[in-house]
Amino acid sequence: MSIKKYGAAILRERARPVTEFGSELIGFAEKMKQLMEEAAGVGLAANQAGIDKSLFIAKLGDEVYAFVNPEILPLSSETVIDEEGCLSIPGVWVDVERHRKIRLTAQNLEGQPIRVELEDYFARVVQHEIDHLNGVLIIDRISTRERRRVADQLEEIEDREKSQPL
Ligand code: NI
């Protein structure tokens with residue numbers, strides 16, 4: 001298992017809802033955690049690991065948590081712009097506008113409901129990962145001008161990804 005890079009079709013697909021909980025799902029989350037830690041990331045969505053499931057993991061503080069079938073609700077109209085990178089778009093850093101405060105509802109790996117309110121950095125990480133599960137990448141949330149700035153880098157990543165053997 002490796003992290004899918006920009007150019008991989010699965011990064012543009014909407015993840016399938018999880019209906020079966022248990023050991024297989026826990027196994028996926030474990031592998032994702034390994035991948036994320038090897039890449040020194042703070043979040044990873046299942047489709048970045050080539051798995052078509054609505055699941056992401058995120059390092060919030062010292063712990064890595066798994067969120068299944070996540071949904072978010074902005075808790076205020078306040079937004080914040082800050083720099084973001086993405087393990088699927090290595091070396092590209094862009095300013096992205098996010099809701100400052102959100103409510104995340106999801107399930108854990110056993111199917112139990114989770115409901116948590118998050119602000120600032122944690123809210124940003126979660127919004128980034130949920131974007132992945134909807135097939136959305138940080139480069140979709142930047143200005144045309146920013147997009148032009150990173151165009152060559154994107155092309156390089158895409159070429160490399162598409163030349164990978166399947
Ligand atoms: Ni990402």
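Values in this document were obtained by computation on a predicted structure and should not be read as measured data. All ligand and atom numbering here is 1-based and tracks the order in the structure.
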So how far is it from Ile81 CD1 to Glu97 CD, rounded to the nearest 0.5 Å? 4.5 Å
Apply side chain to side chain contact (heavy atoms under 4.5 Å, CB included) to residues Ile138 and Ile142 and explain how you reach the verdict. CA-CA 7 Å; Ile138 49 176; Ile142 61 179; 5.6 Å; no
Is the shortest distance from a Lys or Arg side-chain nitrogen in [X] or [Y] to a carboxylate oxygen in the other one below 4.0 Å?
| X | Y | answer |
| --- | --- | --- |
| Arg98 | Glu84 | yes |
| Glu146 | Arg149 | yes |
| Lys5 | Glu161 | no |

Just wondering, are more than 12 heavy atoms of other shown residues or ligands nearer than 6.0 Å to CD in Glu20? no
Please list, in chain and residue-number order, the protein N/O/S atoms closer than 2.8 Å to the Ni ion (ligand 1). Cys86 SG, His128 NE2, His132 NE2
